[in-house]
Q: 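This is the structure, below, for whatever I ask next.
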Amino acid sequence: MKKISTTPFQGQKPGTSGLRKTVSIFTQAHYLENFVQAIFDSVPALKDGVIILGGDGRYYNDIAIQTILRMAAANGAARVMVGKNGILSTPAISALIRKHKAAGGIILSASHNPGGINGDFGIKFNSANGGPAAEIITDKIYARTQNITQYFSLDTLPIDLTKCGFSNMSSMDIEIIDSTAHYSEMMEGLFDFDAISGLFNAGLSLCFDAMHAVTGPYALDIFARLGASKDSLINAVPLPDFGGGHPDPNPVYAAELFTRMFAPNGPDFGAASDGDGDRNIVLGRDIYVSPSDSIAVLAANAHLVPAYKDGLKGLARSMPTSRALDKVAEKLAIPCYETPTGWKFFGNLLDAGRITLCGEESAGASSNHIREKDGLWAVLMWLNIMAAREQSVSRILQDHWQTYGRHYYSRHDYEAVETQKAKTVMQKLESLLPALPEQIFGTETVLSADNFAYTDPIDKSVSKNQGLRVIFKSGSRFVMRLSGTGTVGATLRLYLERYEPASGDLSQDVQAALSGIISAADEITGFKTIIERSAPSTIS
Ligand code: VG1
Ligand code: CO
């Protein structure tokens with residue numbers, strides 16, 4: 001065993017979902033090692049425990065895995081289970097932690113951020129419940145990175161990750177496991193695979209875009225089990241640079257899928273996942289399902305899926321996610337919790353059995369089967385519901401709006417904004433909040449305005465500064481917050497929502513329907529002038 005002296009790096013504070021930095025930062029000597037040692041020092045159960053390890057295959061994944069294996073052995077871990085070729089999706093790791101009662105999991109991914117030598121790298125730590133470590137643990141890890149003086153490692157040859165099987169490093173056992181088998185079996189246990197196969201046998205055409213990220217092998221295995229044709233999958237081979245793309249499933253970065261779905265005679269069903277496989281988008285022929293609507297549709301129809309046939313205990317959504325889900329909860333007479341952005345905030349509610357399904361506007365949805373969002377799960381939910389209802393995506397969505405009304409919704413992202421300017425916008429809006437109620441902007445009158453804070457109903461921990469929201473008397477609202485996953489400057493997110501009752505016009509253009517709220521947000525904050533941008537970088 002080697003004890004290696006080191007000194008702290010500034011800025012190793014995990015954001016919304018782990019530590020994310022450019023590859024150039026991560027590959028500095030001791031950078032990864034310091035953070036990994038801080039995890040071992042902060043989570044004593046990892047010593048003598050089982051650890052699940054894998055990543056989304058991006059550049060540096062393979063090297064980081066060898067480094068972490070050596071450090072795990074030197075820190076006294078009993079066993080590490082690693083995905084073959086270092087590949088494991090975020091939902092697969094969550095499932096494996098739970099199955100093997102592991103002490104935790106280490107996920108190497110910067111999720112939707114671009115990869116490659118000039119892209120980003122990231123590391124997330126998940127706890128024994130399979131979910132992202134709670135803030136109390138990430139705070140501890142961060143504190144440790146700030147006073148670290150040494151880390152432990154071994155002098156040993158790299159482990160061959162290309163074949164499943166057993167080996168060892170010093171007294172630590174290593175098992176290279178099939179990346180997809182357990183995940184696929186879990187999906188078979190949740191859904192009616194025969195009914196979904198029936199859709200493909202009856203000629204339903206599919207286009208699944210894996211964006212050269214981790215979901216490719218999972219989708220290949222699952223759609224083969226379901227009998228979908230092989231050409232249904234595009235960009236299915238994981239590549240270290242995601243083929244030069246940006247593995248964020250939105251209309252801008254998944255343009256190939258959108259083009260196919262909106263082409264004449266396009267496929268009946270389309271979907272895509274992000275870098276680490278925890279997000280999803282769903283499209284029908286000529287129609288894109290807004291992620292907020294998608295969660296609401298899944299909740300409203302969950303009883304048609306074997307795993308949820310006995311009903312749902314409760315629902316939850318992140319604060320900026322549209323309130324379409326709340327309408328479903330109301331009808332089902334079950335609670336709907338509103339949490340801060342980031343999956344870690346759903347963990348306690350899921351563990352306590354308060355909720356069965358939850359989701360975020362950023363294309364994340366999942367259930368109590370694991371403790372992460374789960375891209376392919378959402379896709380299979382849709383297919384199972386389509387099979388049970390014998391209806392298309394478009395028909396299901398129209399029916400939903402006719403029952404619950406429609407929440408027109410969009411997120412405008414202003415990326416790589418100068419950090420100080422983005423902060424100025426937030427400070428300015430925050431200082432205006434108390435005086436906003438009753439003020440009129442265009443046709444909208446402000447009902448309330450606040451800085452969202454959350455008290456966890458289970459452990460009573462309080463998370464402040466989770467986004468600024470301005471709610472109008474019409475029920476419309478906008479929310480502003482700064483992203484916690486970017487690596488260049490600041491990303492300002494503007495979330496926009498307007499409710500149209502079932503009796504109203506349900507087929508408006510989304511941006512046009514939201515134009516009044518968009519101008520109100522600018523009139524109140526003057527943010528476009530402050531950040532010197534005339535239009536968003538991405539509209540989703
Ligand atoms: C974004 C999303 C958030 C999601 C997070 C991690 O965070 O908005 O909903 O939980 O990414 O997802 P932020 O702070 O940039 O808004 V993933 O798939 O990147 O692990
Ligand atoms: Co992700």
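Note that the numbering runs from 1 along the sequence shown for the chain. For ligands, and for the atoms within them, numbers begin at 1 and follow the listed sequence. Computed from a prediction, not measured in an experiment: that's the story for all the values here. As a basis for the values below, the full set of heavy atoms in this structure was taken, side chains included, without hydrogen atoms, waters or symmetry mates.
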Q: Going by atom types alone, do Trp343 and Ser366 pair a side-chain donor with an acceptor below 3.5 Å?
A: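 There is no such pair between these side chains.
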Q: For the Co ion (ligand 2), what is the number of protein N, O or S atoms at a distance under 2.8 Å?
A: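 There are 4 of them.
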Q: Applying the side-chain contact (heavy atoms from CB on, under 4.5 Å) criterion to Leu357, which one of Ile295, Leu312, Asn368 satisfies it?
A: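 Answer after filtering Ile295, Leu312, Asn368: Leu312.
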Q: Of the listed options (Ser111, Gly486, Ser362), which comes nearest to atom 2 (C) of ligand 1 when hydrogens are ignored and any heavy atom counts?
A: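 When every heavy atom of Ser111, Gly486, Ser362 is considered, Ser362 comes closest to atom 2 (C) of ligand 1.
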Q: Does some non-hydrogen atom of Lys344 fall short of 4.0 Å from ligand 1?
A: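 It does not, in that no heavy atom of Lys344 comes within the 4.0 Å cut-off of ligand 1.
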Q: Considering only heavy atoms, which of Glu360, His112, Lys124, Arg411 lies nearest to atom 8 (O) of ligand 1?
A: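 Minimum heavy-atom distance to atom 8 (O) of ligand 1 goes to Arg411.
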Q: Roughly how far, to the nearest 0.5 Å, is the NE2 atom of His112 from the OG1 atom of Thr485?
A: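 One gets 3.5 Å once the value is rounded to the nearest 0.5 Å.
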Q: Does any N or O of ligand 1 fall below 3.5 Å from an N or O anywhere on Thr485, backbone included?
A: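 Thr485 vs ligand 1: N/O contact under 3.5 Å present.
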Q: Quick one: does ligand 1 sit under 4.0 Å from the side chain of Thr491, the backbone, both or neither, non-hydrogen atoms only?
A: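 No part of Thr491 is near ligand 1 at this cut-off.
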Q: Ligand 1 and Gly484, any nitrogen or oxygen pair closer than 3.5 angstrom?
A: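 Yes, at least one N or O pair falls under 3.5 Å.
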Q: Report the residue from Leu496, Leu494, Val470 that forms a side-chain contact (heavy atoms from CB on, under 4.5 Å) with Ile517.
A: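 Answer after filtering Leu496, Leu494, Val470: Leu496.
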Q: Hey, is Gly364 one of the residues with a heavy atom under 4.0 angstrom from ligand 1?
A: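 No heavy atom of Gly364 comes that close to ligand 1.
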Q: Assess whether side chain to side chain contact (heavy atoms under 4.5 Å, CB included) is satisfied between Ile370 and Met186, documenting all intermediate values.
A: CA-CA 10 Å; Ile370 53 172; Met186 178 175 69; 4.0 Å; yes
